[in-house]
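Just the heavy atoms: all of them, side chains too, but no hydrogens, waters or symmetry mates, feed the values below. Labels below follow one simple rule: chain letters A, B, ... track the order of the sequence lines, proteins then strands, and each chain is numbered from 1. Note that the structure is a prediction, hence the values are computed from the model and not measured.
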There are 2 protein chains.
Amino acid sequence: MARLAHGSQNEGRQRVLDFITMYINDNSVPPTIREIQAGAKISSTSMVSYYLKDLEKANMLDRYKRRSRGVVINDPGRVVARDMVSVPLVGVITCGAGPVPTPDADALRSADDRIQIARSLVKDTDDLFALIASGDSMIDALIHDGDIIIMKKETDVKNGELAAVFLTEKNESTLKRVYKEGKRLKLKPENPTLKPFYVDARFAQIQGRVMCVIRRA
Amino acid sequence: MARLAHGSQNEGRQRVLDFITMYINDNSVPPTIREIQAGAKISSTSMVSYYLKDLEKANMLDRYKRRSRGVVINDPGRVVARDMVSVPLVGVITCGAGPVPTPDADALRSADDRIQIARSLVKDTDDLFALIASGDSMIDALIHDGDIIIMKKETDVKNGELAAVFLTEKNESTLKRVYKEGKRLKLKPENPTLKPFYVDARFAQIQGRVMCVIRRA
DNA sequence: TTGACAATAGAACGCATGTTCGACTACAAT
DNA sequence: ATTGTAGTCGAACATGCGTTCTATTGTCAA
């Protein structure tokens, strides 16, 4: 049977762990031993040290010895900032009713709103921007009203990539899978129940590649 | 005209900034003055202090005075870990060909793969899990083969919410918007070109609510 | 040339901070 | 009772670390 002395030390341990988590959230820097002592209501720094050693043994946190603020929470669900990118939200896209806006470098840097996504979803993180889809005109690209579309600015794509194509004759943009077939482009809807159609390559202009689509329910 | 003394101090400033960024990425803790000195090849701690004051004035970083490691990078594109959640990826969903798996708490904690998403996309972060859509059988929910579906475990939903519904008579799950109409449920496809259909509420079981759908191109 | 000032160096000051140590207490097994 | 061990406390020690001070040098404007 487990031995319990004075007050169950598990309680203090948990308080320490919780406080460190909270502190990092608030300050984006881990606390010092003495800050933990005060914040988690521990009676002495040696007790904090004691709990910390315990938590480290239980693999709940890592420590850099002798470094100030050298505690790192060890949480499998923890997100590391370097795994994420922040993409500027530059506007609304009404597919089938005009061109997709293609922002310049300045617009990308100064955007007010930003969308955070995992790096693993987009691989290459350069020249990304985000658009909000508007209207139901993009059903054939399986895109819904309000969806967030993450795009990469590009003027050419490989066969079979999903891209925003500006059709000069119609003066509108559309999202389709693009295949080059000689002097013409095959534009294939994402929806397999719909037929592809073809345009003369001279009247079609690649605006960007769709990297990711995010729908909030 | 700007005055340039010895070596352009802009260079040193930049080295300091870059080093801090890198250091935080590697250690998830900001560096000390002396670590910056060594890492960014600065000749003295007072020079580091000098640069730091400069960078702070230029609003490129914030400092907590007199606190050890009290530097925080000030980057609009910087992602803060607390804004993100990590969702366990628990399986594949083949809609229209069986039930959606509903994992228990253990499965959620021990999942190998995880999907990182912004908190703002899901609001409530409890009981979330992620599924990969398989096959083209979910077109009427505007969901594509390979899409990541973020779900929240729930047994009831509000009218108009998108949910996974298990149909006991067909022994399969489907993703639809759900409306309660007396003793029956109206299940409405996301695709506005498709008609809703109705089931007896006794033969339908809510499995979870769709919080978010992510498509990688 | 000279005065003003940014840029630079090195060292020292002093509080911040992790660590350690000795002593003391409560509880369980012997 | 004795002994061992986990839990606890307070204080002291040794660095860690931000800050500051003085002195020096290079550059530009007057």
Side-chain angles (χ1 to χ4, degrees), chain A residues 1-17 19-20 23-24 26-58 60-74, chain B residues 1-20 22-24 26-58 60-74:
Chain A
M1 185 184 148
R3 220 195 297 202
L4 292 185
H6 315 179
S8 161
Q9 87 286 28
N10 257 341
E11 185 195 310
R13 248 179 47 161
Q14 193 57 48
R15 276 213 310 280
V16 167
L17 195 60
F19 175 75
I20 296 173
Y23 188 100
I24 293 179
D26 290 349
N27 303 65
S28 66
V29 174
T32 66
I33 300 279
R34 270 162 254 256
E35 283 168 339
I36 297 172
Q37 189 200 343
K41 303 260 164 54
I42 308 296
S43 46
S44 64
T45 59
S46 47
M47 264 289 95
V48 176
S49 200
Y50 190 67
Y51 289 144
L52 249 31
K53 210 166 288 179
D54 227 40
L55 287 164
E56 192 186 11
K57 204 170 293 175
M60 312 201 64
L61 49 78
D62 289 339
R63 300 190 71 192
Y64 298 106
K65 301 201 190 289
R66 271 162 207 286
R67 318 227 91 165
S68 63
R69 301 171 192 276
V71 281
V72 180
I73 302 270
N74 202 332
Chain B
M1 187 188 150
R3 214 189 305 195
L4 292 185
H6 317 179
S8 162
Q9 88 287 26
N10 256 344
E11 185 196 309
R13 249 178 46 158
Q14 194 57 48
R15 276 214 309 281
V16 168
L17 195 59
D18 290 344
F19 175 75
I20 296 174
M22 199 195 67
Y23 188 100
I24 294 180
D26 290 350
N27 303 66
S28 66
V29 174
T32 66
I33 301 278
R34 271 160 252 257
E35 283 167 340
I36 297 172
Q37 188 199 344
K41 302 260 162 57
I42 308 296
S43 46
S44 65
T45 60
S46 50
M47 264 291 96
V48 177
S49 201
Y50 189 68
Y51 289 144
L52 247 31
K53 211 166 285 180
D54 228 41
L55 288 164
E56 192 186 10
K57 205 169 291 173
M60 312 200 63
L61 50 78
D62 290 338
R63 300 191 70 191
Y64 298 106
K65 300 198 192 290
R66 274 165 204 285
R67 318 226 93 167
S68 64
R69 302 172 191 276
V71 283
V72 181
I73 301 268
N74 202 332

Query raised in the report: Nearest 0.5 Å, what's the CG-OH distance between B:N27 and A:Y64?
Result: 5.0 Å
Query raised in the report: Do you know the tightest heavy-atom contact between A:I24 and A:P31?
Result: CG1-CD, 4.4 Å
Query raised in the report: For B:K53 and C:dA6, what is the distance between atoms NZ and C1' respectively, to the nearest whole Å?
Result: 14 Å
Query raised in the report: Is the distance from OP1 or OP2 of D:dG7 to the nearest side-chain N or O of A:Y50 less than 4.0 Å?
Result: yes
Query raised in the report: What are the two closest non-hydrogen atoms of B:Y51 and B:V16, and how far apart are they?
Result: CD1-CG2, 3.8 Å
Requested in this report: Establish whether the base of D:dG18 is bridged to the side chain of B:T45 by a donor-acceptor pair shorter than 3.5 Å.
Outcome: no
Nucleotide N/O to protein N/O under 3.5 Å, stretch nucleotides 22-24 of chain C:
none

Query raised in the report: Quick one: side-chain contact (heavy atoms from CB on, under 4.5 Å) partners of A:T32, sequence neighbours excluded?
Result: A:R34, A:E35, A:R69
Report task. Considering just the side-chain nitrogens and oxygens of B:Y51, establish if one lies under 4.0 Å of OP1 or OP2 belonging to C:dT8. Result -> yes
**Report entry** From D:dG18, C:dA7, C:dT17, nucleotide with atom closest to B:I33 side chain
**Finding:** D:dG18
Query raised in the report: Rounded to the nearest Å, what distance is computed from the CG atom of residue B:L52 to the P atom of nucleotide D:dG18?
Result: 9 Å
Query raised in the report: Listed in order of residue number, which residues of residues 60-70 of chain B have a non-hydrogen atom at under 4.0 Å from DNA chain D?
Result: B:R63, B:K65, B:R66, B:R67, B:S68, B:R69
Query raised in the report: Where each residue is assigned the nucleotide of DNA chain C containing its nearest heavy atom, which of B:M47 and A:E35 is assigned the position nearer the 5′ end?
Result: B:M47
Query - Inter-residue atom distance A:L17.CG - A:L52.CG, 0.5 Å rounding - result: 9.5 Å
Report summary line: All heavy atoms of B:I20 vs all of B:V71, minimum pair found to be CG2-CG2, 4.4 Å
Query raised in the report: Contact class for A:T32 (heavy atom, under 4.0 Å): base, sugar-phosphate, or nothing?
Result: sugar-phosphate
Query raised in the report: Between C:dC21, D:dC17, D:dT8, which nucleotide gets closest to the side-chain atoms of A:S46?
Result: C:dC21
